[in-house]
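To find a chain, count down the sequence lines: A is the first, B the second, and so on, and within it residues start at 1.
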Number of protein chains: 2
Amino acid sequence: MEERIERIKQQLYAHNYKLTPQREATVRVILENEEDHLSAEDVYLLLKEKSPEIGLATVYRTLELLHELKVIHKINFGDGVARYDLNAEGADRFHHHLVCVQCGTVDEILEDLLGDVEKKVEKTFNFKINDHRLVFHGICYRCKDEE
Amino acid sequence: MEERIERIKQQLYAHNYKLTPQREATVRVILENEEDHLSAEDVYLLLKEKSPEIGLATVYRTLELLHELKVIHKINFGDGVARYDLNAEGADRFHHHLVCVQCGTVDEILEDLLGDVEKKVEKTFNFKINDHRLVFHGICYRCKDEE
DNA sequence: TTGGTTGCAAACTGTTTGCAGCCAT
DNA sequence: ATGGCTGCAAACAGTTTGCAACCAA
């Protein structure tokens, strides 16, 4: 936890940004809810519990900043709300997601399944891939078992 | 063209909806711009050229309707705007996209590259896949060749 | 004459921006 | 005292909704 914050602090400083108390609080909320897919509003509400004076605009600005520095990824599951997701440290590709159309749960696939597919795409389409977004829609194991 | 409209008409009728002049005009705009990824606003502006009296709300309602009937797919490339895309007739999976981070062009991959990956995911995660979204971000062949 | 459909305007939601004040350097 | 950062409120963009009018069955 503390080491991860320290590392993010370095990334900020490397780009002449500071780790202000508001930014640190935001980062902590994201780290503490790593398995969730929080929207800016979600982060804001969680933050308010401990730092009631923080403004929503600051949250948006911080998330945008962290996104620019590639500390977090921005993803949209189709409900019109931007969500933010930490990627594994050192991973050069974003992980995949399983969205259950029944209960709405979003699970993660941390293993990269697209290595071969990307090779084929780069070759066939002469396209240099930087990153990808892969989301599966379907029925999760919980909902399946319930039936 | 006409056969495709006829088929969409059937799908509407099958669900007790009508193919009104506004709906037909909307469908035509989408068919005529099949290779593009139009937003509701884009469709609206194209429609206005030939049917100036149409309302934006009707366009939204029609697109939503076509989306429900799975005639068109809704996709968001990260700019916060919903875009609509026809899928190949008979295809049970949505096609893939290549988004150029330099010029913004969106190209399509019509071939389904995820057959094996899906099998693996269904087995490993006990997840019944209905559909997927796969987008690659990178540099397109046009921008690469320009350098 | 009933119920689906439409156009308009207003409402709503998520996000961005202008600005005055604040704080660390 | 300079420049980055913040909170607030207002602005903004995309989308949805309420409603009266319309029109085909």
Task: Donor-acceptor pair, side chain of B/R61 and main chain of B/L56, under 3.5 angstrom - done: no
Open item on the list: Using a strict heavy-atom distance below 4.0 Å, which residues from residues 13-20 of chain B are in contact with DNA chain C?
Closed with: B/Y17, B/K18, B/T20
- [ ] Mind checking side-chain hydrogen bond (donor to acceptor under 3.5 Å, both in side chains) for A/E111 and listing every partner two or more places apart, or none if nothing turns up?
- [x] B/K120
TODO: Taking B/H132 for its side chain and B/F94 for its backbone only, find out whether a donor-acceptor pair lies under 3.5 Å.
DONE: yes
- [ ] Using atom types as modelled and distance alone, determine if a side-chain donor or acceptor of B/D36 lies under 3.5 Å from a backbone N or O of B/L38.
- [x] no
Open item on the list: Could you check whether any side-chain N or O of B/R133 sits under 3.5 Å from a backbone N or O of B/I75, counting only pairs where one atom can act as donor and the other as acceptor?
Closed with: no
TODO: Using a strict cut-off of less than 4.0 Å between a Lys/Arg side-chain nitrogen and an Asp/Glu carboxylate oxygen, indicate whether A/K70 and A/D131 qualify as a salt bridge.
DONE: no
Open item on the list: Quick test of your reading of the model: are B/R28 and B/E2 salt-bridged, counting only N-O distances below 4.0 Å?
Closed with: yes
Open item on the list: According to ring pair (Phe, Tyr, Trp, His ring centres under 6.0 Å), who are the partners of B/F77, at least two apart in sequence or on a separate chain?
Closed with: B/H37, B/H97
- [ ] Please list residues of residues 46-79 of chain B whose heavy atoms come under 4.0 Å from any atom in DNA chain C, ordered by number; otherwise none.
- [x] B/E53, B/I54, B/G55, B/A57, B/T58, B/R61
Task: Over 12 foreign heavy atoms within 6.0 Å of NZ, B/K119 - done: no
Task: Span of DNA chain D in contact with chain A (heavy atoms, under 4.0 Å) - done: D/dC5 to D/dC8
Open item on the list: Test of understanding: clusters of I, L, V, M, F, W, Y form through side-chain heavy atoms closer than 4.5 Å, transitively. Do A/I139 and A/L134 belong to the same one?
Closed with: no
Nucleotide N/O to protein N/O under 3.5 Å, stretch nucleotides 11-13 of chain C:
none

- [ ] Find the distance between CZ (B/R93) and CG (B/L113) and round it off to the nearest 0.5 Å.
- [x] 13.5 Å
Open item on the list: Please determine whether a side-chain nitrogen of the Lys or Arg among A/E24 and A/K9 lies less than 4.0 Å from a carboxylate oxygen of the Asp or Glu.
Closed with: no
